[in-house]
Amino acid sequence: MSGQNQNCAKIDEVIEQFAFSGQLMTKQPYGNGHINDTFLLVYKMPDDSQKQYILQRMNHTIFRQPQELMENVVNVTEYLRKIILSQNGDPERETLNVVKTREGGSFYKDSNDNYWRVFLFIEHTVCLEMVESEKDFYDSAVAFGNFQRMLADYPASTLHETIPNFHNTPSRFRDLQKAIENDIMGRASLAKAEIDFALAREAETSALTDLLKSGELPLRVTHNDTKLNNILFDEDTKEALCIIDLDTVMPGLSHYDFGDSIRFGASTGAEDEKDLSKVEVDLSLFEAFTKGFLEGCQGSLTEKEIEMLPMGAKLMTYECGIRFLADYLEGDVYFKVHRDRHNLDRARTQFKLVADMEAKWDKLTAIVEKYKHSC
Ligand code: ADP
Ligand code: GN1
Ligand code: MG
């Protein structure tokens, strides 16, 4: 039985542990995340209405301490809930809501030692895999900027580091070097051009971490996984409604959130596009995001942080590329893959974007400069 099927087999045991009301109509795999196993549960209520939930098997080979991760998620969502209420918002739609187990816990560990959790399904929303309009991307930028601002006073020292060194690019570079050296799948010869591209940029890997060490960039509470499909848009108003996938909320640099959004959303191609002629950085989208992010942060970023935003975009794209490449070399053990060489294709798009950012560097810095004083 495949891993996914084994998980499906356990679902009935898991569902029993949560006090859902109504009659279970369907349970099916859901979404396009690369990390957790996500399912949609649809219940029929006595009045014939429907209630839906997101059930997730947390990936505990990646998140080694699921209980600590859930402590973060519960504390952060409760904190956000208070802020949303104080702004007359709707916390059941504007942040994730953890559904407790019958015993009052935030997750359930099944008889195979898998960890499961449930969130209220946020209804009437859409999740975008690609930017459909500049406005969507601008809205997502305001929302991610706002998210960072809302968590500005969150007691960072109480957050667990759910994946150590998550955006430590020099450490990711060393992981890649090890993967190349070991070459356990014998794939390095198939990725020679990509390996050369990655290794040639070693000197730049510490551009942000050096400034963090020297105190020139401040540590903040950041989301760290700000790709477009980690935000839900209201189906009717099309506004960015809720930021999801809070597993990596940890202390970090504002550049991690800015950069990860750019690498995914400002690309003219999908993250796994095979035809690299379709992949480049769209300058209008870069501009829309920069404007929105700075507005969302509402003046909370320092001059140095703003100046380094293009480097954030480049390094997060590069880092994601070397993570995909290392995973390809190691046998696709981290990111879910759906075809042969999927991770290699992903690495290629990221490196194409890095090269394009290098070619457009002056334009990227001019855009950031343009919005520097506007918010
Ligand atoms: P992963 O870590 O694997 O990316 P996510 O938490 O991002 O997992 O969830 C995967 C997908 O499931 C999201 O991209 C989104 O489409 C959907 N999703 C997750 N949580 C909710 C929710 N509370 N309401 C509606 N859709 C959700
Ligand atoms: C993963 O969980 P998901 O699919 O939103 C990954 C990110 C990568 C992204 C690349 C915990 O994000 O860091 O940037 O894939 N999340 C984790 O698409 O590693
Ligand atoms: Mg996700």
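Just so you know, ligand 1 is whichever comes first in the structure, and atom 1 is the first atom listed for that ligand. Just so it is clear, the structure is predicted and the values come from calculations on it, not from any experiment.
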> Between the side chains of Thr169 and Glu319, is a donor N or O closer than 3.5 angstrom to an acceptor N or O?
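Looking only at side-chain atoms, Glu319 and Thr169 do form a donor-acceptor pair, the distance falling under 3.5 Å.
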> So for ligand 1, is Asn229 a polar contact partner (N or O within less than 3.5 Å, distance only)?
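Among all N and O atoms of Asn229, at least one is under 3.5 Å from an N or O of ligand 1.
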> Which of the numbered atoms in ligand 1 are under 4.0 angstrom from any heavy atom belonging to Ile244?
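Reading through ligand 1 atom by atom, the close ones are 13 (C), 15 (C), 18 (N), 19 (C).
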> Quick test of your reading of the structure: of Gln350, His34, Met316, whose heavy atom lies closest to atom 4 (O) of ligand 2?
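Heavy atom nearest to atom 4 (O) of ligand 2 belongs to His34.
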> Can a non-hydrogen atom of Arg263 be found less than 4.0 Å from any atom of ligand 2?
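For ligand 2, residue contact (heavy atoms, under 4.0 Å) with Arg263 is present.
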> Would you check the N or O atoms of Asn32, main chain and side chain alike, for any that come under 3.5 Å of an N or O of ligand 1?
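No; every N/O pair is 3.5 Å or more apart.
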> Could you establish whether Arg323 and ligand 2 come within less than 4.0 Å of each other, counting only heavy atoms on the residue side?
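Yes, Arg323 has heavy atoms under 4.0 Å from ligand 2.
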> Checking contacts here: is it the side chain or the backbone of Asp260 that comes within 4.0 Å of ligand 2, counting heavy atoms only? Could be both or neither.
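Looking at Asp260 and ligand 2, just side chain atoms fall under 4.0 Å.
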> Return yes when Asp225 approaches ligand 2 closer than 4.0 angstrom through a heavy atom, no otherwise.
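So Asp225 counts as touching ligand 2.
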> Report the part of Leu232 (side chain from C-beta onward, or backbone N, CA, C, O) that has a heavy atom under 4.0 Å from ligand 1; answer both or neither where that applies.
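Within the 4.0 Å criterion, Leu232 contacts ligand 1 through side-chain atoms alone.
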> Indicate whether the side chain of Asn59 and that of Asp247 have a donor and an acceptor atom separated by less than 3.5 Å.
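The answer is no; no qualifying pair exists.
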> Quick check for you: to the nearest 0.5 Å, what is the distance between Leu228 atom CG and Met130 atom CE?
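Between Leu228 CG and Met130 CE, I get 9.5 Å after rounding to 0.5 Å.
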> Would you kindly specify which portion of Gln56 sits under 4.0 Å from ligand 1, judged on non-hydrogen atoms: side chain, backbone, both or neither?
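For Gln56, the contact with ligand 1 is made by the side chain alone.
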> Specify side chain, backbone, both or neither for Lys227, according to which of its non-hydrogen atoms lie closer than 4.0 Å to ligand 2.
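It is the side chain that gets close, since no backbone atom is under 4.0 Å.
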> Which of the numbered atoms in ligand 1 are under 4.0 angstrom from any heavy atom belonging to Ile35?
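Counting atoms of ligand 1 from 1, those under 4.0 Å from Ile35 are 2 (O), 3 (O).
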> So that I know where these two stand, are Phe324 and Phe335 an aromatic pair - ring centroids less than 6.0 Å apart?
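Aromatic pair counts; centres sit under 6.0 Å.
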> Is there a polar contact, in the sense of an N or O pair closer than 3.5 Å, between Asn230 and ligand 2?
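Such a contact does occur with ligand 2.
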> Counting only nitrogen or oxygen atoms and a 3.5 angstrom limit, does Thr248 reach ligand 2?
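No; every N/O pair is 3.5 Å or more apart.
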> Output yes if Asn230 passes the N/O/S-under-2.8 Å test against the Mg ion (ligand 3); output no otherwise.
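Given the 2.8 Å cut-off, Asn230 counts as a ligand of the Mg ion (ligand 3).
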> Does the side chain of Ser214 come under 3.5 Å of the side chain of Glu216 through a donor N or O and an acceptor N or O?
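On atom types as modelled, these side chains qualify, holding a pair under 3.5 Å.
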> Pull out every atom of ligand 1 sitting under 4.0 Å from any heavy atom of Cys127, numbered as shown with elements.
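Near Cys127, the atoms of ligand 1 are 14 (O), 15 (C), 16 (O).
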> About how many Å separate CG of Leu128 and CG of Leu232, when rounded to the nearest 0.5 Å?
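Atom-to-atom, Leu232:CG and Leu128:CG are 9.5 Å apart.
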> Using a strict cut-off of 4.0 Å, indicate which atoms of ligand 1 neighbour a heavy atom of Asn230.
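Once the distances to Asn230 are compared, the set is 7 (O).
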> Can a donor-acceptor pair be found between the side chains of His160 and Gln65 at a distance below 3.5 Å?
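No, no side-chain donor-acceptor pair sits under 3.5 Å.
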> May I ask you to list the atoms of ligand 1 that are less than 4.0 angstrom from any heavy atom of Leu120?
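That gives atoms 22 (C), 23 (N) of ligand 1.
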> Return yes when Phe166 approaches ligand 2 closer than 4.0 angstrom through a heavy atom, no otherwise.
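Heavy atoms of Phe166 do come under 4.0 Å of ligand 2.
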> Give the atom numbers and elements of ligand 1 that come within less than 4.0 Å of a heavy atom of Tyr30.
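Heavy-atom distances to Tyr30 below 4.0 Å select 12 (O), 17 (C).
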> Evaluate the ring planes of Phe289 and Phe144, with Trp represented by its six-membered ring, and classify them as parallel (under 30°), tilted (30 to 60°) or perpendicular (over 60°).
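Taking Phe144 first and then Phe289, their aromatic rings sit tilted (interplane angle of 30° to 60°).
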> Can you pull out the closest protein heavy atom to atom 20 (N) of ligand 1? Residue, atom name and distance to 0.1 Å, please.
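Residue, atom and distance for the closest contact: Ile54 CG1, 3.8 Å.
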> Where is the tightest heavy-atom contact between Ala288 and Glu134, given as atom of each residue plus distance?
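Looks like CB-CG, 3.7 Å.
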> Below a 4.0 angstrom heavy-atom separation, can you tell me which part of Phe324, side chain or backbone, both or neither, approaches ligand 2?
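Side chain only; the backbone of Phe324 stays clear of ligand 2.
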> Is a donor from one side chain sitting under 3.5 angstrom from an acceptor on the other, for His342 and Asp272?
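A pair is found: one side chain offers a donor N or O, the other an acceptor, under 3.5 Å apart.
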> Can you sort out which atoms of ligand 1 are near Leu96, meaning under 4.0 Å from one of its heavy atoms?
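Answer, ordered by atom number: 23 (N).
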> Out of the N/O/S atoms in Asp245, what is the name of the one closest to the Mg ion (ligand 3)?
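Closest to the Mg ion (ligand 3) among those atoms: OD2.
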> Identify the heavy atoms of Tyr334 and Ile62 that sit nearest to each other, and give their distance.
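Shortest heavy-atom separation between Tyr334 and Ile62 comes out as OH-CG2, 3.3 Å.
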> Step by step, work out the side-chain hydrogen bond (donor to acceptor under 3.5 Å, both in side chains) result for Tyr371 and Glu295.
CA-CA 9 Å; Tyr371 290 99; Glu295 282 173 21; over 6 Å; no
> Pick one: which of Glu273, Glu194, Glu271 meets salt bridge (charged side-chain N to carboxylate O under 4.0 Å, His left out) with Arg348?
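It is Glu194, the one option of Glu273, Glu194, Glu271 that forms the salt bridge (charged side-chain N to carboxylate O under 4.0 Å, His left out) with Arg348.
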> Counting each atom of ligand 1 from 1 as listed, which ones have a heavy atom of Phe121 under 4.0 Å away?
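Answer, ordered by atom number: 24 (N), 25 (C), 26 (N).
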> Look at atom 10 (C) of ligand 1 and say which protein heavy atom is nearest, naming residue and atom and giving the distance to 0.1 Å.
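The protein heavy atom lying closest is Thr38 OG1, 3.7 Å.
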> Side-chain donor-acceptor pair under 3.5 Å between Thr38 and Asn36, yes or no?
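No pair is found: no donor N or O on one side chain lies under 3.5 Å from an acceptor on the other.
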> Describe, in one word, how the ring planes of Tyr53 and Phe20 are oriented to each other, choosing from parallel (under 30°), tilted (30 to 60°) and perpendicular (over 60°).
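Answer is tilted, since the angle falls between 30° and 60°.
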> Is there a polar contact, in the sense of an N or O pair closer than 3.5 Å, between Tyr334 and ligand 2?
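Indeed, backbone or side chain, Tyr334 has an N or O that close.
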> Using the side-chain contact (heavy atoms from CB on, under 4.5 Å) rule, pick out the option among Val98, Ile244, Asn97, Leu246 that qualifies with Phe119.
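Between Phe119 and the candidates, side-chain contact (heavy atoms from CB on, under 4.5 Å) is satisfied uniquely by Val98.
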> At a 4.0 Å threshold, what atoms of ligand 2 neighbour a non-hydrogen atom of Phe63?
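By the 4.0 Å cutoff, the relevant atoms are 11 (C).
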